[in-house]
Amino acid sequence: MDILQTIIIAIVEGLTEFLPVSSTGHMIIAQSLLGVESTPFVKAFTVIIQFGAILSVICLYWKRFFYPEAVKSGQSYWKSMYDFYARLVVGVLPAVVLGLAFNDFIESNLGNVNLVAWMLIIGGIFMLFCDRIFNKGSEDTKLTYKRALIIGFIQCISMIPGVSRSMSTIVGGMSQRLTRKAAAEFSFFLAVPTMFGATCLETYKMISHGGGSLLTQGNNLQMLILGSVVAFIVAIAAIKFFINYVTKYGFAAFGWYRIIVGIIIIACSLLGMELQMVD
């Protein structure tokens, strides 16, 4: 993988990780079009550069992570911190439990390109109407433990490749009467422990299978650093754009986009273009 391929894949990761468009589907297209060879390092690269995306959330919302909003209303600092992080733990627990229980199913379907394409289309159709479905009555921004748990269970739908973790958590938040902005922001917050856990797990698997030396071979370490930095910068811009856009216009545009990407993947498959996930 050369520098240009590294930058392009990192841009795709940063753009799509927090948008409800499925980073998996875009990785399929990007890696195939770039002709990136399926190697253990490439798989490690696409996982490890998620650290850059994780850091973008912490950077943009550092006050929420280290000075939660409840402090403003008179709640003690430590109580406010506890409530914020406890809700994140509650929200991520379903993914931990179900992820371990269905790990074999998830692994076996990661390379199913047709499944990714159809999930993009089905999810896109749903997003065309989700604003109407959940735009009933008053909305608020209060996140209770019950709401966090329900959103966490809905997030588990994203274990099906092509669904999109961002889409499932945002829809989960809106189903619990959160505003578009509050649902999107909790999706970002929930991504930090979820993605961090998944990244650590994949890194551990790689090292335990003797792949730790990959990080120090050739210019691999420099590629990882470059990819993480690019993903970090692009993710910051993507998050800012997404919050401003969905607050004003909703999710329909992302629904149409998902449908188009899904159709492109299916069309490429029918035309004999081999699209595949890195394995």
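Phe84 and Leu93 are assigned to two separate hydrophobic clusters, defined by single-linkage of ILVMFWY side chains at heavy-atom distances under 4.5 Å. Under the 4.5 Å side-chain heavy-atom criterion for grouping Ile, Leu, Val, Met, Phe, Trp and Tyr, Val57 is connected to Phe241 within one hydrophobic cluster. Cluster annotation: Ile263 is connected to Val163 through the hydrophobic network of ILVMFWY side chains, with a link wherever side-chain heavy atoms come within less than 4.5 Å. Both Ile122 and Val171 sit in one connected hydrophobic cluster of ILVMFWY residues. Membership requires side-chain heavy atoms under 4.5 Å apart, directly or through other members. Residues Phe153 and Val89 do not share a hydrophobic cluster, clusters being chains of Ile/Leu/Val/Met/Phe/Trp/Tyr side chains in contact below 4.5 Å.
A distance-only check finds no donor-acceptor pair linking the side chain of Gln155 to the backbone of Ala95 [under 3.5 Å]. Listed for the Ser187 side chain is no donor-acceptor partner under 3.5 Å among the backbone atoms of Ala183. Thr247 contributes a side-chain N or O that, together with a main-chain N or O of Ile243, makes up a donor-acceptor pair within less than 3.5 Å. A donor-acceptor pair under 3.5 Å links the side-chain atoms of Arg177 to the main chain of Phe134, judged by distance alone. Looking at Ser175, its side chain does come within 3.5 Å of a backbone N or O of Gly172 through a donor-acceptor pair. Side-chain atoms of Arg87 do not come within 3.5 Å of backbone N or O of Arg147 as any donor-acceptor pair.
Across all their heavy atoms, Ile154 and Ser168 have their closest contact at CG2-O, 3.3 Å. Between Glu17 and Ser23, the shortest heavy-atom distance links the atoms OE1-OG, 3.7 Å. Nearest approach of Thr179 to Ala182, heavy atoms of both residues: OG1-N, 3.1 Å. Looking at every heavy atom in both residues, Gln31 comes nearest to Ile9 through CG-CD1, 4.1 Å. Across all non-hydrogen atoms, the minimal contact from Asp131 to Ala252 is OD2-N, 4.2 Å. The shortest non-hydrogen separation linking Leu98 to Cys156 is CD1-SG, 3.6 Å.
The closest side-chain heavy-atom distance from Tyr145 to Asp83 is below 4.5 Å. Considering only heavy atoms from C-beta on, Met127 comes within 4.5 Å of Pro20 through its side chain. When side chains are defined from C-beta on, Leu128 counts as touching Ile259, because their heavy atoms get closer than 4.5 Å. Under the 4.5 Å side-chain criterion, counting only non-hydrogen atoms from C-beta, Ile121 is in contact with Ile266. Here the side chains of Leu19 and Met167 are not in contact, with every heavy-atom distance at 4.5 Å or above. Contact check for Met174 versus Phe251: side-chain heavy atoms found under the 4.5 Å cut-off.
Under a cut-off of 6.0 angstrom, the local environment of CD1 in Ile58 is crowded, with over 12 non-hydrogen atoms contributed by other residues, nucleotides or ligands. Under a cut-off of 6.0 angstrom, the local environment of OH in Tyr82 is sparse, with at most 12 non-hydrogen atoms contributed by other residues, nucleotides or ligands.
Here the straight-line distance linking atom OG1 of Thr6 with atom CD1 of Ile49 works out to 8.5 Å at 0.5 Å rounding. Here CG of Leu88 is found 8.5 Å from CG of Leu143. Values are rounded to the nearest 0.5 Å. Distance check, rounded to the nearest 0.5 Å: CD1 of Ile265 to CG of Asn114 gives 9.5 Å. Leu15 contributes atom CG, which lies 11.0 Å from atom CD1 of Ile239 (distance to the nearest 0.5 angstrom). Put simply, OG1 on Thr194 and CD1 on Ile54 are 9.0 Å apart, with the number rounded to the nearest 0.5 Å. How far OG of Ser164 is from CZ of Arg258: 5.5 Å, rounded to the nearest 0.5 Å.
Taking the six-membered ring where the residue is Trp, Tyr85 and Phe65 present tilted rings, their angle falling between 30° and 60°.
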Does the side chain to side chain contact (heavy atoms under 4.5 Å, CB included) test come out yes or no for Asn220 and Phe45, once each step is laid out? CA-CA 9 Å; Asn220 286 354; Phe45 174 85; over 6 Å; no

Pair Val113, Ser269 - check side chain to side chain contact (heavy atoms under 4.5 Å, CB included), show working. CA-CA 9 Å; Val113 176; Ser269 179; 5.8 Å; no

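A centroid separation of 6.0 Å or more is found between the aromatic rings of Phe242 and Phe18.
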